[in-house]
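Note sheet for the following structure.
Letters A, B, ... mirror the listed sequences (proteins, then strands); counts begin at 1. These numbers come from a predicted model, not from an experiment.
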Protein chains: 2
Amino acid sequence: MNADADWVERFPGLSRLDLPTKQLLTNRSTIVSVPKDTMVFGPGRSPENMLFLLDGTVRVQQVSETGHQIVLYRIEAGQSCVLTTACLLAYDDYSAEGIAESVVKAAAVPREVFDDLVAGSKPFRDFVFAAFSKRITDLFLMIDEVAFQRVDVRLADKLIKLSGDADKVSTTHQKLSVELGTAREVISRQLQEFQRRGWIEQARGSVTLKDRSKLQTLADHNA
Amino acid sequence: MNADADWVERFPGLSRLDLPTKQLLTNRSTIVSVPKDTMVFGPGRSPENMLFLLDGTVRVQQVSETGHQIVLYRIEAGQSCVLTTACLLAYDDYSAEGIAESVVKAAAVPREVFDDLVAGSKPFRDFVFAAFSKRITDLFLMIDEVAFQRVDVRLADKLIKLSGDADKVSTTHQKLSVELGTAREVISRQLQEFQRRGWIEQARGSVTLKDRSKLQTLADHNA
DNA sequence: AGGGTTCAGTGACTTTGTCACCAAACCGTC
DNA sequence: GACGGTTTGGTGACAAAGTCACTGAACCCT
């Protein structure tokens with residue numbers, strides 16, 4: 001085995017498992033790697049296994065019948081797709097898809113093993129339910145945001161989150177509009193306004209944050 | 001025991017349990033009844049038990065920091081609050097609340113019993129995961145709707161769903177606006193338009209459906 | 001019958017979404 | 001380097017939806 005054999009330790013929620021459970025997870029899982037821009041799951045593409053992300057991120061987005069799209073959430077390293085996978089297995093009129101945003105390395109755990117683990121290990125159960133709970137509360141907040149928050153506030157927030165440590169966000173207006181579930185034109189106009197105020201600078205395919213604190217103030221303006 | 005002793009049988013997902021599991025559920029649960037308009041759960045009000053609804057409905061709604069509200073979903077008889085309860089236990093910055101829309105009768109199952117059941121019974125696990133999955137996919141669809149569907153379409157759909165068999169919906173414009181997460185004025189104007197077209201008739205505190213098929217056509221207009 | 005409350009209607013305005021179209025930047029390849 | 005297709009972003013006009021401030025009617029109490 002390689003350096004990924006100890007992957008279980010890298011999951012905060014799984015480190016509390018007892019040794020036999022950890023070994024079961026390690027032995028019965030296989031490390032898989034998928035290239036960037038692969039559809040990991042989606043309509044007509046339900047994976048056989050539960051994935052535990054070791055590296056990279058998977059973007060989960062809803063594709064509407066209207067042709068619109070909106071990013072629902074991202075699965076980062078240290079998290080699991082249990083929920084989306086479980087959803088796929090339960091309902092086939094499922095319209096969300098998961099796309100690898102970079103090369104993604106994951107541990108694939110067969111369904112039966114997953115079920116055994118839920119049955120046999122209390123810490124594993126806690127991990128799984130915590131993941132579900134977090135997802136649901138996040139979706140609640142997202143609904144709140146989509147329904148009631150102004151786009152300038154949401155865009156400022158999204159820019160800061162997408163930027164991470166860096167000051168430059170490499171993305172297009174189109175992609176930003178999918179992040180927020182709005183129209184490209186709306187993003188263009190908002191970014192123009194931000195630029196006019198000197199908060200950002202634009203280039204084709206990128207946005208440079210010039211005044212993070214001003215953007216942050218706007219993003220925090222949620223009361 | 002009373003007529004509710006066999007409540008387990010009334011849950012489609014639970015009837016497949018084996019006898020000992022059913023008995024465990026029945027013996028370790030207590031039937032509770034809460035009056036109409038009670039807040040069953042919400043910020044600072046996390047119940048100790050998992051509820052299985054026998055009668056009535058619980059309306060779950062998000063209360064925004066902006067003062068706005070939106071109905072997320074309803075828990076009907078034959079369903080369980082596992083998810084919302086689980087969420088409450090996991091995260092306290094939880095801003096949704098569950099309100100009894102009528103007198104609600106439910107079986108309360110202590111957390112430990114719930115955990116034992118998940119561990120010991122495969123059909124019970126399936127029931128719980130199916131509930132989670134259904135909820136999450138429904139929330140996906142809801143986000144899609146809030147973000148991309150026109151209010152007239154959503155309102156027509158909501159009127160039909162709220163009406164059930166009857167033709168009269170007893171509700172106020174204010175309540176309808178919370179159902180859709182929009183403003184009261186918007187509802188008033190849309191209902192005026194529906195009335196102008198002869199699809200409905202309005203009275204203080206009620207809407208009467210006059211042309212269900214026309215409303216249905218509009219509601220189906222989702223492509 | 002009076003007074004408070006709930007419910008609904010309205011106009012003016014802002015924000016957001018839609019549509020149709022244009023122009024510049026980029027990416028090949030010839 | 002020139003050409004042509006694609007991607008990206010800009011624009012104006014308009015429609016839909018949300019906000020604000022205010023009005024009046026219906027209802028519910030004593």
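By the salt bridge (charged side-chain N to carboxylate O under 4.0 Å, His left out) test, B:Arg150 is found to be paired with B:Asp152, residues two or more places apart in sequence or in another chain being considered. Under the rule for a side-chain hydrogen bond (donor to acceptor under 3.5 Å, both in side chains), the partners of A:Arg59 that lie at least two apart in sequence or sit in another chain are A:Gln61, A:Glu101. In this structure, the side-chain hydrogen bond (donor to acceptor under 3.5 Å, both in side chains) partners of A:Gln62, at least two apart in sequence or on a different chain, are A:Ser95, B:Asp144. A:His173 is linked by a side-chain hydrogen bond (donor to acceptor under 3.5 Å, both in side chains) to A:Ser188, A:Gln202, counting only residues two or more places apart in sequence or in another chain. In this view, B:Gln216 and B:Asp220 satisfy the side-chain hydrogen bond (donor to acceptor under 3.5 Å, both in side chains) rule, not counting sequence neighbours. Remark: B:Glu193 engages B:Arg196, B:Arg197 in a salt bridge (charged side-chain N to carboxylate O under 4.0 Å, His left out) (not counting sequence neighbours).
The bend of the helix from C:dA1-D:dT30 to C:dC30-D:dG1, defined by the angle between the axes of its first five and last five pairs, stands at 30° to the nearest 10°.
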Reading nucleotides 3-10 of chain D from 5' to 3' and marking B where a protein heavy atom lies under 4.0 Å of the base, S where only the sugar-phosphate is that close, and - otherwise, the string is ----BBBB
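Although no hydrogens or angles enter the test, the distance criterion places no donor-acceptor pair under 3.5 Å between the side chain of A:Thr208 and the main chain of A:Ile200.
Look at B:Gln190 and you'll find a side-chain N or O under 4.0 angstrom from OP1 or OP2 of D:dA17.
On the nucleic acid side, DNA chain C has its first and last nucleotide under 4.0 Å of a heavy atom of chain A at C:dT15 to C:dC26, going 5' to 3'.
Residue pairs that meet the ring-ring contact (aromatic ring centres under 6.0 Å, His included) test with at least one member in residues 179-201 of chain A, sequence neighbours left out, are A:Phe194-A:Trp199. The list of salt bridge (charged side-chain N to carboxylate O under 4.0 Å, His left out) pairs with a residue in residues 208-217 of chain B, not counting sequence neighbours, reads B:Asp167-B:Arg212, B:Asp211-B:Lys214.
Look at NE2 on B:His68: it is 9 Å from P on D:dG18, rounded to the nearest Å. Look at CZ on A:Arg150: it is 13 Å from C1' on D:dA17, rounded to the nearest Å.
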Considering only distance and modelled atom types, tabulate donor-acceptor pairs under 3.5 Å from the side chains of residues 153-162 of chain A, sequence neighbours left out.
| unit_1 | atom_1 | unit_2 | atom_2 | d |
| --- | --- | --- | --- | --- |
| A:Arg154 | NH1 | A:Leu180 | O | 3.2 |
| A:Arg154 | NH2 | A:Leu180 | O | 2.9 |
| A:Asp157 | OD2 | A:Lys161 | NZ | 3.1 |

